[in-house]
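FYI, the numbering just counts along the sequence from 1.
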Amino acid sequence: MSGRVHTYAARTRWTGSTGVGYEDYGRRHEAATPPASAGLALSADAYFGGDAEHPNPEQLLVLAASSCQLLSFLAVAARARLDVREYADDAEGTMDEGDPPARLNRITLRPRITLGPGPSEERVRKLIALAHRECYVANSLRTEVTLEPRITFVPSGP
């Protein structure tokens, strides 16, 4: 790396009144990530009084870890000239309230990776591990991020 500093902006906005007490104030809020034009409608986890119809910050953290691993693996695979055909992940984060301080204790990524013929499964697993070491989001977290990949190869052709 050249020592460049990258800055990422985020904006959140909430309006309402907390004067009604903890049980009754609205948790819905808006978020934006300039310069992206698409915004997000967010809420708290339904357990904490939020609206389950909207993503919550904990889900976004799990999503960020999943997306970063996906992008890191695709970059590593492309540099290695692997033919990745599909990458899908069912990621999960867990928060154990009995283990203070309150935080996501673990994020588990479960990528299902489909590749064209050529590389060995061992090579693909090494590249998955390399991508994990290069994942900016995982490197930014104290939370344990684990991988449980499933690898499939398809015959050559379209």
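- Of the inter-residue distances, the one linking Arg103 atom CZ with Leu141 atom CG reads 12.5 Å to the nearest 0.5 angstrom.
- Here Val154 sits alone; no ILVMFWY side chain lies under 4.5 Å from its own, so it joins no hydrophobic cluster.
- Between Phe73 and Pro149 there is no side-chain heavy-atom pair separated by less than 4.5 Å.
- Listed by chain and residue number, His6 satisfy the side chain to side chain contact (heavy atoms under 4.5 Å, CB included) test with Tyr8 (two or more places apart in sequence, or in another chain).
- Judged as a side-chain hydrogen bond (donor to acceptor under 3.5 Å, both in side chains), and not counting sequence neighbours, Asn139 has no contacts.
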Item to complete: Go through the steps to decide whether Val84 and Thr114 satisfy the test side-chain contact (heavy atoms from CB on, under 4.5 Å), and finish with yes or no.
Response: CA-CA 6 Å; Val84 178; Thr114 303; over 6 Å; no
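- Two residues are said to be in side-chain contact when any heavy atoms from C-beta on lie closer than 4.5 Å; Thr152 and Ile113 fail this criterion.
- Applying the salt bridge (Lys or Arg N to Asp or Glu O under 4.0 Å) test to pairs two or more places apart or on separate chains, those with a residue in residues 126-155 are Arg79-Glu134, Arg106-Glu144, Arg110-Glu148, Glu122-Lys126.
- Summarising the hydrophobic clusters (Ile, Leu, Val, Met, Phe, Trp, Tyr; side-chain heavy atoms under 4.5 Å, direct or chained), the residues clustered with Val5 are none.
- Taking CG of Leu74 as the start and CG of Leu127 as the end, the distance is 11.5 Å to the nearest 0.5 Å.
- Atoms CD1 and CZ, on Ile151 and Arg112 in that order, are 13.0 Å from each other to the nearest 0.5 Å.
- A heavy-atom distance below 4.5 Å is not found between the side chains of Thr94 and Leu104.
- Residues passing the side chain to side chain contact (heavy atoms under 4.5 Å, CB included) test with Ala31, sequence neighbours excluded: Thr12, Leu40, Leu42.
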Output a table of donor-acceptor pairs, distance under 3.5 Å, between side-chain atoms of residues 19-29 and any protein atom two or more places apart or on a different chain; print 'none' if there are none.
unit_1 : atom_1 : unit_2 : atom_2 : d
Arg27  : NE     : Phe48  : O      : 3.2
Arg27  : NH1    : Tyr22  : O      : 3.0
Arg27  : NH1    : Tyr25  : O      : 2.8
Arg27  : NH2    : Tyr22  : O      : 2.9
Arg27  : NH2    : Phe48  : O      : 3.4
Arg28  : NE     : Asp51  : OD2    : 3.2
Arg28  : NE     : His54  : NE2    : 3.1
Arg28  : NH2    : His54  : NE2    : 2.7
His29  : ND1    : Arg27  : O      : 2.9

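- Shown here are the side chain to side chain contact (heavy atoms under 4.5 Å, CB included) partners of Glu30, two or more places apart in sequence or in another chain: Ala41.
- Contact of the Leu109 side chain with the Val145 side chain is registered, since non-hydrogen atoms from C-beta on lie closer than 4.5 Å.
- Taking CG of Leu130 as the start and SG of Cys135 as the end, the distance is 11.5 Å to the nearest 0.5 Å.
- Test Val137, Thr146, Thr143 against Ile107 for side-chain contact (heavy atoms from CB on, under 4.5 Å) and you get one pass: Thr143.
- Under the 4.5 Å side-chain criterion, counting only non-hydrogen atoms from C-beta, Cys68 is in contact with Tyr136.
- In this structure, Tyr87 OH and Ile128 CD1 are separated by 7.0 Å, a value rounded to the nearest 0.5 Å.
- Under the 3.5 Å distance criterion, the side-chain polar atoms of Ser120 are matched with a main-chain donor or acceptor of Arg123.
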Discussion item. Between Arg85 and Phe153, is the side-chain contact (heavy atoms from CB on, under 4.5 Å) condition met? List the steps.
Written reply: CA-CA 9 Å; Arg85 304 278 180 89; Phe153 296 95; over 6 Å; no
Could you pull out all donor-acceptor pairs under 3.5 Å where a side-chain atom in residues 55-66 meets a protein atom, sequence neighbours excluded?
unit_1 : atom_1 : unit_2 : atom_2 : d
Asn56  : OD1    : Glu58  : N      : 3.0
Asn56  : OD1    : Gln59  : N      : 2.9
Asn56  : ND2    : Gln59  : OE1    : 3.3
Gln59  : OE1    : Asn56  : N      : 2.8
Ser66  : OG     : Asp89  : OD2    : 2.8

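- Residues passing the side chain to side chain contact (heavy atoms under 4.5 Å, CB included) test with Ala78: none are found, sequence neighbours excluded.
- Closest approach of Ala46 to Ala52, counting heavy atoms only: CB-CB, 4.0 Å.
- Atoms NE2 and CG, from His132 and Leu147 in turn, are 5.0 Å apart once rounded to the nearest 0.5 Å.
- Contacts classified as salt bridge (Lys or Arg N to Asp or Glu O under 4.0 Å) and involving residues 63-72 (residues at least two apart or in different chains) are not found.
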